[in-house]
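Throughout, numbering of the chain's residues begins at 1 and tracks the sequence.
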Amino acid sequence: MTIDPGTLGGRLAAVRAAIGGACVLAGRDPAEVTLLPVSKTFDAQVVREAVGLGLRRFGENKVQEIQAKSAALADEALAWVVIGHLQTNKAKAVAAIASEVQSLDRLDLAVALDKALQTQGRGIDVLIQLKTSREETKFGLDPDALPAFLGQMSAFSSLRVRGLMTLAEASDDEAVVRGCFRTLYQWRNRCREAGFPLERLSMGMSGDFALAISEGSTEVRIGSAIFGTRTYKP
Ligand SMILES: *Cc1c(COP(=O)(O)O)cnc(C)c1O
């Protein structure tokens, strides 16, 4: 098979092949690693092309963008996954539209999401975002607060906690990036030992997914390697 990097289908095939290669290198079954395509900043037309290639689930970091794209693609049954920092006042909109939230990082957001979902009469899967890097600009729950936070989550019947999510530190030092992923993996195991049945580890992006897979990722969130370079509109 030749892979044409000039097309969406070509880049998607290349990413899938690279994920498969990383799994083989890590001695892991490729079926254990899910690809979450991240379509943020790309318009509905591009997402429609991706749908044509068989993708049905998309990561986005802005609720307004999900609203616009889901309206434009209302003829398709798609799942929208929130991966960006969420303000509590967006909980209602998220409850109305998202299939999953991977950026749950604090109690007041859990309270607001659960309340809005109860009103909608539905539940969603959530991942707890941990701050594993030293960068001040990154969001996420302090890992030390995780056990208590998980205990509190049992009060929210509309939120099904499935695992953890993180963004690695933006660093050229592979050991630093690997360390972030390893921290997430170790916390999941610790939580499992404490009786919380966490399965999923969402970690790894275009630049670092192979490392994340070698550290136990079960889901890689990939944007630019599939969709191309992002341009942010003001
Ligand atoms: C944008 C984004 C990604 C994808 O990043 P790429 O480097 O384009 O693959 C993954 N996770 C989160 C939380 C993001 O905001």
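- Linking Ile, Leu, Val, Met, Phe, Trp and Tyr residues whenever their side-chain heavy atoms come within less than 4.5 Å places Phe58 and Val101 in a single cluster.
- One N or O on the side chain of Ser217 and one on the backbone of Met203 form a donor-acceptor pair closer than 3.5 Å.
- Atom OG of Ser202 sits about 3.5 Å away from atom CD of Gln102, to the nearest 0.5 Å.
- Counting only residues at least two apart or in different chains, ring pair (Phe, Tyr, Trp, His ring centres under 6.0 Å) contacts with residues 171-193 are absent.
- Hydrophobic cluster membership differs between Val38 and Val94, with clusters built from Ile, Leu, Val, Met, Phe, Trp and Tyr side chains linked at under 4.5 angstrom.
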Legend entry - Lys90 vs Val82, side-chain contact (heavy atoms from CB on, under 4.5 Å): CA-CA, chis, key distance, verdict: CA-CA 11 Å; Lys90 294 286 196 306; Val82 177; over 6 Å; no
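- Judged purely by atom type and a 3.5 angstrom limit, Arg28 uses its side chain to pair as donor or acceptor with the backbone of Ile213.
- For the atom pair CZ (Arg162) and CD (Glu219), the distance works out to 13.0 Å, reported to the nearest 0.5 Å.
- Rounded to the nearest 0.5 Å, atoms CZ (Arg182) and CD (Gln186) are 7.0 Å apart.
- Residues passing the side-chain contact (heavy atoms from CB on, under 4.5 Å) test with Asp75, sequence neighbours excluded: Arg48.
- A side-chain N or O of Ser214 and one of Arg178 form a donor-acceptor pair less than 3.5 Å apart.
- Here Thr34 contributes atom OG1 and Leu201 contributes atom CG; the two are 11.5 Å apart, rounded to the nearest 0.5 Å.
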Inset, instruction - Quick one: do Asn189 and Glu193 satisfy side chain to side chain donor-acceptor pair (under 3.5 Å)? Show the steps, please. - result: CA-CA 6 Å; Asn189 292 355; Glu193 282 160 23; over 6 Å; no
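- Hydrophobic clustering, with ILVMFWY side chains joined whenever heavy atoms are under 4.5 angstrom apart, keeps Val33 apart from Leu25.
- The closest donor-acceptor contact from the side chain of Gln129 to the backbone of Phe139 lies under 3.5 Å.
- At least one donor-acceptor pair under 3.5 Å links the side chain of Ser103 to the backbone N or O of Gly84.
- Taking all atoms of both residues into account, the shortest heavy-atom contact from Met205 to Asp208 is N-OD1, 2.6 Å.
- Using a 4.5 Å cut-off between side-chain heavy atoms of Ile, Leu, Val, Met, Phe, Trp and Tyr, with links allowed through other members, Ile226 and Ile83 fall into different hydrophobic clusters.
- Among residues two or more places apart in sequence or in another chain, the side-chain contact (heavy atoms from CB on, under 4.5 Å) test is passed with Phe149 by Leu104, Leu107, Ile128, Leu141, Gln152, Met153.
- No side-chain heavy atom of Lys131 sits under 4.5 Å from any side-chain heavy atom of Thr166.
- Applying the ring pair (Phe, Tyr, Trp, His ring centres under 6.0 Å) test to residues at least two apart or on different chains, the pairs with a partner in residues 210-230 are Phe42-Phe227.
- Annotation for Ser39 and Glu65: closest pair O-OE2, 4.3 Å, computed over non-hydrogen atoms.
- Nearest heavy-atom pair across Ser157 and Asp114 is N-OD1, 3.4 Å.
- Remark: Arg106 engages His85, Thr88, Asp108, Leu109 in a side-chain contact (heavy atoms from CB on, under 4.5 Å) (not counting sequence neighbours).
- At least one side-chain heavy atom of Leu12 sits less than 4.5 Å from a side-chain heavy atom of Leu55.
- No side-chain donor-acceptor contact under 3.5 Å links Ser154 to the backbone of Leu150.
- Under 4.0 Å is where a charged nitrogen must lie from a carboxylate oxygen, and between Lys69 and Glu76 no such pair does.
- The CD atom of Glu100 sits 4.0 Å away from the CZ atom of Arg200 when rounded to the nearest 0.5 Å.
- Looking at heavy atoms from C-beta onward, Glu174 lies out of side-chain contact with Val177 at the 4.5 angstrom threshold.
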Inset, instruction - I would like to know whether Leu159 and Leu113 meet side-chain contact (heavy atoms from CB on, under 4.5 Å); could you show each step before the answer? - result: CA-CA 8 Å; Leu159 305 178; Leu113 278 175; 4.1 Å; yes
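- Judged as a side-chain contact (heavy atoms from CB on, under 4.5 Å), and not counting sequence neighbours, Ala68 has no contacts.
- Considering only heavy atoms from C-beta on, Leu164 stays 4.5 Å or farther from Leu127 through its side chain.
- Within the 3.5 Å criterion, the main-chain N or O of Gly10 finds no donor-acceptor partner in the side chain of Asp4.
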Legend entry - Worked verdict on Glu199 versus Arg192 for salt bridge (Lys or Arg N to Asp or Glu O under 4.0 Å): CA-CA 9 Å; Glu199 298 297 329; Arg192 277 183 175 175; 3.2 Å; yes
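- Considering all non-hydrogen atoms of both residues, Gly163 and Leu198 come closest at N-CD2, 3.9 Å.
- Minimum interatomic distance between Val46 and Leu8 (heavy atoms only, all atoms of both residues): O-CD2, 4.0 Å.
- Looking at heavy atoms from C-beta onward, Lys40 lies in side-chain contact with Arg230 at the 4.5 angstrom threshold.
- Side-chain atoms of Arg11 come within 3.5 Å of backbone atoms of Pro5 as a donor-acceptor pair (strictly under, hydrogens ignored).
- With contacts defined as side-chain heavy-atom distances shorter than 4.5 Å, the pair Ile124/Leu117 qualifies.
- Linking Ile, Leu, Val, Met, Phe, Trp and Tyr whenever their side-chain heavy atoms come within less than 4.5 Å leaves Phe196 and Met165 in two separate clusters.
- The side-chain heavy atoms of Thr231 and Thr41, taken from C-beta on, include no pair separated by under 4.5 Å.
- One distance of note links CG of Leu167 with CG of Leu130; it measures 11.5 Å at 0.5 Å rounding.
- Residues Cys23 and Pro30 share a closest heavy-atom pair of SG-CA, 3.6 Å.
- Counting heavy atoms from C-beta outward, Cys191 and Leu146 have side chains that approach closer than 4.5 Å.
- No donor-acceptor distance shorter than 3.5 angstrom exists from the side chain of Glu169 to the backbone of Thr132, with no hydrogens or angles considered.
- Using modelled atom types, one finds no donor on one side chain facing an acceptor on the other under 3.5 Å when comparing Thr229 with Ser224.
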Legend entry - Candidate pair Leu35 and Val220, rule side-chain contact (heavy atoms from CB on, under 4.5 Å), full reasoning: CA-CA 5 Å; Leu35 167 63; Val220 290; 4.3 Å; yes
